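These numbers were taken from a predicted model, which means no experiment stands behind them. Side-chain atoms are counted along with the backbone in the values below, which use heavy atoms only and exclude waters and symmetry mates. Each chain gets a letter, A, B and so on, in the order the sequences are listed, and its residues count up from 1.
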2 protein chains.
Amino acid sequence: MFFHFRNRFPQLNTYWDKYLPYQKRLEAPARTVLLEEGKKSQHYIFIEKGCVRAYFDKDGEDKTMQFFFENEGLSSFDSFVNNVPSPITIETIEPSVLYLLPKRYVMQLLNELSTEPGFAQMVLQMTAQRQVHYISEFVSFIRDTPEERYQRLLKERPHIIQRVPQHFIASYLGISKVHLSRIKSKLAKNKTRF
Amino acid sequence: MFFHFRNRFPQLNTYWDKYLPYQKRLEAPARTVLLEEGKKSQHYIFIEKGCVRAYFDKDGEDKTMQFFFENEGLSSFDSFVNNVPSPITIETIEPSVLYLLPKRYVMQLLNELSTEPGFAQMVLQMTAQRQVHYISEFVSFIRDTPEERYQRLLKERPHIIQRVPQHFIASYLGISKVHLSRIKSKLAKNKTRF
DNA sequence: TGAACTTGATAACATATGTTATCGTGCCCT
DNA sequence: AGGGCACGATAACATATGTTATCAAGTTCA
């Protein structure tokens with residue numbers, strides 16, 4: 001789904017730096033579409049400030065599948081790599097400062113990096129991390145109730161709850177916004193009671 | 001979660017063949033535990049005949065997260081690679097014929113393979129496939145109702161429904177076995193009606 | 001063969017969750 | 001400043017789903 005070397009593998013920063021001139025800085029207001037569902041991904045996106053979500057449309061309903069924040073990079077992975085229409089839309093949530101690196105430079109960069117010793121290891125490590133993440137999302141749906149998923153989010157990634165509008169979080173948790181509101185009010189009640 | 005080169009990358013079969021003598025053939029009856037939750041994974045498991053599931057325990061309830069069939073290989077990936085206790089149990093569903101390759105030989109094999117040109121590509125390709133799989137599982141929970149997930153399973157992986165007891169499938173779909181039974185009976189009714 | 005177990009269907013009831021509608025608040029924009 | 005909009009809470013009602021219990025059929029195994 002996405003990849004971001006910089007800030008996670010600082011030893012590669014000199015490579016990245018060579019490509020900084022090709023990055024286009026973009027100051028985008030909230031709710032700016034960076035990639036539209038059905039279009040092909042042409043850029044790697046790096047978030048300097050702000051936040052972004054990936055979502056898709058199901059029968060007119062907006063389903064959020066992931067959130068991204070400062071110092072994270074993303075692209076619609078499959079679309080980017082295989083040059084197929086993106087199954088998701090990417091959109092800013094807050095006013096954001098972004099850097100877009102056109103695909104051809106990313107490819108060039110990857111090519112350069114591939115000669116770097118330990119590069120394959122790094123890529124493996126990264127994809128393994130990603131895999132663990134998606135497995136854990138998936139297992140959570142089998143294992144946990146919506147309330148438990150919310151509490152887990154609250155505990156493990158509170159910044160999401162603090163910064164992201166509630167209806168996006170609801171669809172991310174697989175429930176309606178009304179139900180999420182109910183869960184919150186129930187938890188608040190229990191908290192004050194004891 | 002698991003990896004299986006053989007049968008997907010036949011050009012590597014000569015490498016595998018060298019390790020055949022180290023594989024232990026195992027004929028296991030149904031419901032044989034191959035790896036217990038909490039233990040460390042010591043073997044790569046290849047399925048010649050039969051089928052296997054990976055599950056974990058949530059408050060006494062048995063939650064199945066994945067099914068495996070003939071010509072697939074698996075291990076509790078994180079446990080195998082990082083030598084930590086496995087979060088899941090691996091158990092046969094049907095009487096099965098399995099081949100177990102001890103971890104040290106797998107490592108040795110991987111080591112040998114790593115000098116093979118194109119090996120990194122292959123590993124990447126494989127992990128990308130896995131990632132796509134788990135993302136699609138995860139997205140399905142956000143996008144689809146339980147009934148839709150069942151129909152998708154019926155359409156895309158009917159062999160699972162044909163061979164696996166229904167209560168395992170229910171927990172895999174994230175619902176109770178009673179509810180899965182209801183979904184089936186509702187679908188059967190609609191089918192005969194029109 | 002017969003007892004125990006597994007599997008699956010179904011009913012009755014309880015609870016969780018979705019849907020629609022309404023309201024209030026705060027924010028953005030001109 | 002004020003209108004429109006995004007956001008979140010809540011109520012009322014409808015539907016989906018879980019829980020528990022029961023039954024029937026098939027399977028396993030001593």
### Task
May I have the distance from B:Leu187 (atom CG) to C:dG8 (atom C1'), rounded to whole angstrom?
16 Å
### Message
Are A:Asp144 and B:Lys58 packed together at the side-chain level, in the sense that at least one heavy-atom pair is separated by less than 4.5 angstrom?
### Response
yes
### Task
Whole angstrom is fine here: how far is it from CZ in A:Arg163 over to P in D:dG8?
15 Å
### Query
Relative to A:Tyr44, does A:Lys103 satisfy both conditions: NZ or CZ under 6.0 angstrom from the six-membered ring centre, and within 45 degrees of the ring's axis?
no
### Query
Rounded to the Å, how far apart are B:Ile175 CD1 and D:dT15 P?
20 Å
#### Entry: Any A:Gln166 side-chain nitrogen or oxygen under 4.0 Å from OP1 or OP2 of D:dA6
no
### Query
Between D:dT27 atom C1' and B:Glu94 atom CD, what is the distance in whole Å?
14 Å
### Query
Under 4.0 Å: is that the gap between some side-chain N or O of A:Arg31 and OP1 or OP2 of D:dC7?
yes
### Message
Can you see if the side chain of A:His167 gets near the phosphate of D:dA6 - specifically, an N or O under 4.0 Å from OP1 or OP2?
### Response
no
### Upstream residue (5' side of DNA chain C) when A:Thr145 and A:Val178 are each assigned their closest nucleotide
A:Thr145
### Query
B:Ile142 has an atom CD1; how far is it from atom P of C:dT17, in whole Å?
16 Å
### Task
For B:Ser185, answer base if it contacts any base atom (sugar-phosphate contacts may also be present), sugar-phosphate if it contacts only those atoms, and nothing otherwise; contact means non-hydrogen atoms under 4.0 Å.
sugar-phosphate
### Message
Classify B:Lys177 by what it touches in the nucleic acid, base, sugar-phosphate, or nothing, heavy-atom distance under 4.0 Å.
### Response
nothing
### Between C:dT19 (P) and A:His179 (NE2): distance, integer Å
12 Å
### Query
To the side chain of B:Ser181, which of D:dT19, C:dT10, D:dC7 is closest?
C:dT10
### Message
Distance check needed: D:dT17 P versus B:Asp144 CG, whole Å only.
### Response
12 Å
### Query
Can B:Ser79 and B:Ser86 be counted as having a side-chain donor-acceptor contact under 3.5 angstrom?
no
### Message
If you define the side chain from C-beta out and look only at heavy atoms, does anything of B:Tyr134 sit under 4.5 Å from B:Gln66?
### Response
yes
### Task
Go through the side-chain N and O atoms of B:Arg149 and B:Ser140 and say whether any donor and acceptor fall under 3.5 Å apart.
no
### Query
Over how many whole Å does the gap from B:Arg182 atom CZ to D:dT20 atom C1' extend?
12 Å
